[in-house]
Amino acid sequence: MHRASLLSLLTLISAPLASMALTNITVDDTLGNSEQNLQIVYQPEGAWSPGQACADCEAHVDTSKVLDGTWHDVTYLADNPPAIPLSANLTFNGVAIYVYCIVTRSPTNPFGNSDMTFYLDGEPVGVFQQMPNEDPSYEYSVPVYVNTSISAGNHTFALVNGRKGGLTALALLDYIIVS
């Protein structure tokens, strides 16, 4: 009898714990995530280009190395800064976020300076900065921002490319994972 009571107690305790397991949800830069109805919103409208279809973009990456063969490309021009920030925004419900980009350190065509600031619920929470170093190759699935200590609930995330007073900066967003 004692053994049966212990088994019942363990079942009661483990059932809620099993339902609390985190699930990773991948949000493609272009396709989003249709199961969770999540989509990245780019601002200002028309500033970000779907890289795989961009004839004017200087970055030419290997589509076989990016999620679903898609990425979004934007360049912050230091000598002609935009009126509003160049941002990629995602609203999600979760406790963690992982942001993956393609990066290059090319000195020209494209100018591979990375200068991204990250915001969670309107507050700055991190930066990713990487200067060119003469290496024209591309690195894929680079985790430019990771936060695994977000309070549970609904959140708004923003990646902002470039900053006032900074250098010209390139951002090539591939995908975001939320948990």
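- From N89, atom CG reaches atom CD of Q43 across 5.0 Å, with rounding to the nearest 0.5 Å.
- Here the CG-CG distance, from N147 to L120, works out to 6.5 Å after rounding to the nearest 0.5 Å.
- The backbone N or O of A78 sits less than 3.5 Å from a side-chain atom of T168, completing a donor-acceptor pair.
- Judged as a ring pair (Phe, Tyr, Trp, His ring centres under 6.0 Å), and not counting sequence neighbours, the contacts of Y145 are F118, F157.
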Show the numbers, then the answer: is there a side-chain contact (heavy atoms from CB on, under 4.5 Å) between T104 and E139?
CA-CA 6 Å; T104 182; E139 295 177 61; over 6 Å; no
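- Closest heavy-atom contact between L31 and Q39: O-OE1, 3.6 Å.
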Could you check L38 against I25 for side-chain contact (heavy atoms from CB on, under 4.5 Å), going step by step and ending with a plain yes or no?
CA-CA 9 Å; L38 296 174; I25 300 164; 3.9 Å; yes
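- Scored by the side chain to side chain donor-acceptor pair (under 3.5 Å) test, N133 finds no partners at all (sequence neighbours excluded).
- Interatomic distance, OG1 of T148 versus CG of L22, reported as 10.0 Å (0.5 Å rounding).
- In terms of heavy-atom proximity, V103 sits nearest to S114 at CG1-OG, 4.0 Å.
- The CD atom of E134 sits 8.5 Å away from atom OG1 of T108, with the distance rounded to the nearest 0.5 Å.
- Closest non-hydrogen pair, Y140 versus V66, comes out as CD2-CG1, 3.7 Å.
- Sorted by first and then second residue, the salt bridge (charged side-chain N to carboxylate O under 4.0 Å, His left out) pairs involving residues 71-95 (not counting sequence neighbours) form an empty list.
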Side chains of residues 50-60: which donor-acceptor partners sit under 3.5 Å, not counting sequence neighbours?
unit_1	atom_1	unit_2	atom_2	d
Q52	OE1	W71	N	3.2
H60	NE2	C57	O	3.1

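- Side-chain contact annotation: D62 with S64, donor-acceptor N/O pair under 3.5 Å present.
- Note on ring orientation: taking the six-membered ring where Trp is involved, the planes of Y100 and Y175 are parallel (angle under 30°, cut-offs 30° and 60°).
- Residues forming a side-chain contact (heavy atoms from CB on, under 4.5 Å) with N24 (at least two apart in sequence, or on another chain): I177, S179.
- To the nearest 0.5 Å, atoms CD1 (I40) and CD1 (I176) are separated by 4.0 Å.
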Tell me, with the steps shown, if I102 and V142 meet side-chain contact (heavy atoms from CB on, under 4.5 Å).
CA-CA 6 Å; I102 306 157; V142 175; over 6 Å; no
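- For D28 and T26, the side-chain atoms include no donor-acceptor pair closer than 3.5 Å.
- A distance of 8.5 Å separates CG in L159 from OG1 in T117, rounded to the nearest 0.5 Å.
- The salt bridge (charged side-chain N to carboxylate O under 4.0 Å, His left out) contacts involving residues 112-123 comprise D115-R163, where partners must be two or more places apart or lie in separate chains.
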